[in-house]
*Asks:* 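Please find one structure pasted underneath; my questions will follow.
Counting starts at 1 for both ligands and their atoms, following the listed order. Excluded from the calculations below are hydrogen atoms, water molecules and symmetry mates; all remaining heavy atoms, backbone and side chain alike, are included.
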Amino acid sequence: MTIIDGKKVASEIKNELKQKVAAAVSKGLRPPHLTAVLVGNDPASWAYVKSKESASHKIGFTSSLLHFDEHISEAELLSVVHELNRDTNVDAYIVQLPLPKHIDEQKVILAVNPLKDVDGFHPLNLGKMLAGLPAFLPATPYGILELIKRYQIPTQGKHVLIIGRSLIVGRPLSILLGQKRQGGNATVTVAHSKTQNLKQLSLQADIIITAMGKPLFLKSDMVKNGVVIIDAGINSIDAPQTQRGYRLVGDVDFENVRQKASYITPVPGGVGPMTIAMLLQNTWKAYTLQQGLSE
Ligand code: L34
C-alpha cells in the first residue's frame, strides 16, 4: 500500500514554478500576480486563502488579498471583479467560495475574465475543457490528474467511481478522466446523493474518488482489494481541544480503508496541497499568456 504524498508532489511543482519565475524576473519581467477575493470570515476559507498567499510568495509571485465584510452587496462584489478584469497588474484571480447566500455565485463567476480565471470555473473554460481544448482546469481536478500521473497509476480501461457531482470537483473530473488521451480513457461512473446501491458500484471500482463532503463516509466493506483511493473531501469537524478549534478529515475513513487500498491519499496532505500547487500553475499559465511568453 502506498500513501500518496500530495504535499511532496505539490512542493515539486512549486519548485519547478519557482525556477521559471526566477528566469522571467532575471530577464527583467515583473513576477506574476495573483489576487484572492475573500468575503466574510469563515475560518477554513481564511486558512485556504492564506496558504494560497504564502505559497505564492514562496515561489516569487506577488499577491494580494481583497477581504470584504460578509454584508457586501452583490453589485459591489461585481464591481470589484470588473476592476480586477481591468487591472493589468493582476494576471490572475480567484473569488474564494462559498459566497454568502445573498450573492449569486454563478453571476460572479460569469463576470470573471476567462483569461484571468485561474479557478477554471467560468463556463468558457469549462466548455473548452469539455471540447478537449486548452483551458484553465479547475485546480482540484487538475491536482488529482497530476497525482495520478506522477504516481503512474493506470487509468486506461479502469472503472473510476467519482462520488460527488460538484461543479468544482466531481463534474469536471468525470469529463477529464473519460477523455481519449493519456491519463484518461477510463470508464467513469458519477455517483451522488440520489444514487441507489452505491456499495454495489464502489465494490466494482478500480479507482474511487470521493468529493462529496461527508466526513469518514467510505468504509473498507465498500471497496475491493487493491483499490486506488483519492479523497478530495475536506471536512472540518469540531475539535475544541485543538488550537484552531477544528480538525480536517476526508470523506474516506482512512485508517479503515487503507488496509485494502493499493494507493490512498491522506487528509490533510493529499489533494489539498495539490489544489494550491495547481492554482499557482494556472497563474503561471495566465501570466505567460498575457505576457506573450511560452509556458
Ligand atoms: N474559488 N473556492 C475557490 N477556489 C478553490 O480552489 C476553492 N477551494 C475549495 C474551497 N473553496 C474554493 C480550495 O482552495 C477547497 N480548497 C482548498 C484548498 C487548500 C486546501 C484545502 C482546500 C489545503 O491546503 N488543505 C490542506 C490542509 C490545510 C489546513 O490544514 O488547514 C491539506 O493538506 O489538505
*Asks:* Between Glu74 and Lys101, is the closest basic N to carboxylate O distance under 4.0 Å?
*Replies:*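 So Lys101 does not pair with Glu74 through a salt bridge.
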*Asks:* I'd like to know if Asp206 and Lys224 make a salt bridge, using a cut-off of under 4.0 Å between side-chain N and carboxylate O.
*Replies:*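 Result for this pair is yes, salt bridge flagged.
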*Asks:* Indicate yes or no: does Asp251 engage Lys214 in a salt bridge with an N to O separation below 4.0 Å.
*Replies:*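 Here Asp251 does not pair with Lys214 in a salt bridge, since their nearest N and O are not under 4.0 Å apart.
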*Asks:* Give every pair formed by an N or O atom of ligand 1 and a protein N or O atom closer than 3.5 Å, one pair per line with both atom names and the distance to 0.1 Å, or write none.
*Replies:*
residue  : atom   : partner : partner atom : Å
ligand 1 : 1 (N)  : Val95   : O            : 2.8
ligand 1 : 1 (N)  : Asp119  : OD2          : 2.7
ligand 1 : 2 (N)  : Leu97   : N            : 3.0
ligand 1 : 4 (N)  : Asp119  : OD1          : 3.0
ligand 1 : 4 (N)  : Asp119  : OD2          : 3.3
ligand 1 : 11 (N) : Gln96   : NE2          : 3.1
ligand 1 : 11 (N) : Leu97   : O            : 2.9
ligand 1 : 14 (O) : Lys52   : NZ           : 2.7
ligand 1 : 30 (O) : Arg244  : NH2          : 2.9
ligand 1 : 31 (O) : Arg244  : NH1          : 3.0
ligand 1 : 31 (O) : Arg244  : NH2          : 3.4
ligand 1 : 33 (O) : Gly269  : N            : 2.6

*Asks:* Nearest 0.5 Å please: distance from the CD atom of Glu105 over to the CG atom of Leu167.
*Replies:*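 The CD atom of Glu105 sits 10.0 Å away from the CG atom of Leu167.
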*Asks:* Using the side-chain contact (heavy atoms from CB on, under 4.5 Å) criterion, which residues pair with Lys20? Sequence neighbours excluded.
*Replies:* Trp284
*Asks:* Show the numbers, then the answer: is there a salt bridge (charged side-chain N to carboxylate O under 4.0 Å, His left out) between Lys199 and Asp221?
*Replies:* CA-CA 8 Å; Lys199 191 170 168 183; Asp221 67 339; 3.5 Å; yes
